[in-house]
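Notes to accompany the following structure.
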Amino acid sequence: MIEITTLSELTIDGKLALHRTSSSKELFDYSTDELKAWFHGQRALSDAIMVGANTVRVDDPSLTVRYVEGPSPLRVIPSSDGLLPLTSALLNDGLPTLVATARKAQPATVAALLAKPGVDVVCCGETEVDLVALMQVLAQRGVKRLIVEGGSTLLSSLFGHGLVSKIIIKHIPIISGDPDAPTYLTLAPRPGHTMGISRWRMDEWFVKGGIGVSVYGREAAR
């Protein structure tokens, strides 16, 4: 079974970014070198790292280990239609990347992804990526620890399927003030999801580089 950890940066008012269309990298820039090193250390401890397709489009992340010594994890991008920008950094650096699509992805789109260095494509689901099936694929590829860095739609899907076992939140001491900025979870109902109440326990709380970090584990069902 894969241990899935979500790792997010949240403002005081619970936002993943400062504005609706801005990159979450703006929040990361408020981190100190100490926090950045710790954050990238979490990446190095993971077998794979996942973000949603929209995060790739907006942030153009590298999802590599840079602030500490250590291996970069396999990048995993669920994208039902496979329509990722072909200029994206993670599609052009030659490092291992797995794009998960649904059957609705066009053959030409899949072929364009497969033509990129280090990129593999797997089909999981009919109209949207089946995250449960994707976890099975990753387990078969030897992934035991997966870290997920967003965005809110992907996080909501993972929580809705009950797949998350650990939550890490970096509490950035900033108020966005933008009611349209993305929140931690998308809360809109999605097919096959059950977003009811779930209980979590706080396992750790510490300050790293002036930023509070909270770590939660799933509470056993009662």
Side-chain angles (χ1 to χ4, degrees), residues 1-9 16 24 38-56 61-65 68 70-80 82 84 90 95-103 105 113 118-126 128-170 184-186 190-204 213-221:
M1 182 176 180
I2 297 178
E3 178 188 81
I4 300 177
T5 299
T6 64
L7 202 165
S8 306
E9 295 167 320
L16 288 170
S24 62
W38 175 85
F39 173 71
H40 278 251
Q42 297 301 304
R43 286 183 175 180
L45 291 171
S46 301
D47 302 306
I49 183 171
M50 178 186 288
V51 299
N54 195 55
T55 297
V56 174
S62 297
L63 303 182
T64 56
V65 174
V68 295
S72 291
L74 169 71
R75 285 93 56 101
V76 183
I77 314 298
S79 176
S80 297
L84 300 174
L90 54 73
L95 296 176
T97 303
L98 179 66
V99 179
T101 68
R103 294 195 185 278
L113 291 170
V119 176
D120 194 8
V121 179
V122 62
C123 180
C124 298
E126 295 296 327
E128 67 174 26
V129 173
D130 183 335
L131 291 174
V132 175
L134 176 55
M135 294 308 126
Q136 295 172 348
V137 170
L138 293 177
Q140 292 169 358
R141 295 186 178 213
V143 173
K144 295 181 179 178
R145 186 171 189 266
L146 169 68
I147 192 168
V148 183
E149 296 186 8
S152 58
T153 299
L154 175 58
L155 293 175
S156 296
S157 297
L158 291 167
F159 281 109
H161 285 296
L163 294 172
V164 179
S165 53
K166 185 177 180 181
I167 299 170
I168 301 177
I169 296 177
K170 296 183 289 180
Y184 181 56
L185 298 178
T186 297
R190 295 176 60 79
H193 299 179
T194 304
M195 185 61 76
I197 294 175
S198 60
R199 296 181 62 87
W200 299 80
R201 65 177 185 275
M202 180 174 283
D203 289 337
E204 292 183 74
V213 180
S214 56
V215 182
Y216 302 87
R218 182 177 285 278
E219 195 74 80

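Worth saying up front: this structure is predicted, and the values here are computed from it rather than measured.
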Which heavy atom in [X] sits nearest to a heavy atom in [Y], and how many Å separate them?
X: Leu74; Y: Leu98; result: CD1-N, 4.1 Å
X: Cys124; Y: Val137; result: SG-CG2, 4.0 Å
X: Cys123; Y: Gly125; result: SG-O, 3.9 Å
X: Leu7; Y: Phe39; result: CD2-CE1, 3.4 Å
X: Tyr184; Y: Ser8; result: CE1-OG, 3.4 Å
X: Leu84; Y: Ala53; result: CD2-CB, 3.7 Å

Heavy atoms, side chains only, cut-off 4.5 Å: are [X] and [Y] in contact?
X: Arg75; Y: Thr64; result: yes
X: Met135; Y: Ile4; result: yes
X: Leu154; Y: Leu131; result: yes
X: Ile167; Y: Phe159; result: yes
X: Val143; Y: Val76; result: no
X: Leu90; Y: Leu95; result: no

Spatial distance of atom [atom1] ([X]) from atom [atom2] ([Y]) [nearest 0.5 Å]:
X: Thr6; Y: Lys166; atom1: OG1; atom2: NZ; result: 10.5 Å
X: Met50; Y: Thr5; atom1: CE; atom2: OG1; result: 12.5 Å
X: Ser165; Y: Trp200; atom1: OG; atom2: CH2; result: 7.0 Å
X: Leu134; Y: Leu163; atom1: CG; atom2: CG; result: 9.5 Å
X: Ser79; Y: Glu128; atom1: OG; atom2: CD; result: 12.0 Å
X: Ile168; Y: Ile147; atom1: CD1; atom2: CD1; result: 6.0 Å

**Request:** Check for a donor-acceptor pair, side chain of Ser80 on one end and backbone N or O of Val129 on the other, with a separation under 3.5 Å.
**Result:**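 Answer holds: yes.
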
For the side chain of Ser72 and the backbone of Val65, is there at least one donor-acceptor N/O pair under 3.5 Å apart?
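Yes; at least one donor-acceptor contact below 3.5 Å.
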
Provide the full list of side chain to side chain donor-acceptor pair (under 3.5 Å) pairs with a residue in residues 43-54, sequence neighbours left out, each pair given once.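 Of all non-adjacent pairs touching residues 43-54, those that pass side chain to side chain donor-acceptor pair (under 3.5 Å) are Arg43-Glu149, Ser46-Arg145.
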
- request: Please say which of Thr97, Val56, Ile49 ends up in a side chain to side chain contact (heavy atoms under 4.5 Å, CB included) with Leu63.
  value: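 Passing option: Ile49.
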
Enclosure of Arg218 CZ (heavy-atom neighbours >12, cutoff 6.0 Å):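 Yes - once you tally the heavy atoms of other residues, nucleotides and ligands closer than 6.0 Å, there are more than 12.
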
Under 6.0 Å from the CE atom of Met202, do we count more than 12 heavy atoms belonging to anything else shown?
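More than 12 heavy atoms, drawn from other residues, nucleotides or ligands, come within 6.0 Å of this atom.
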
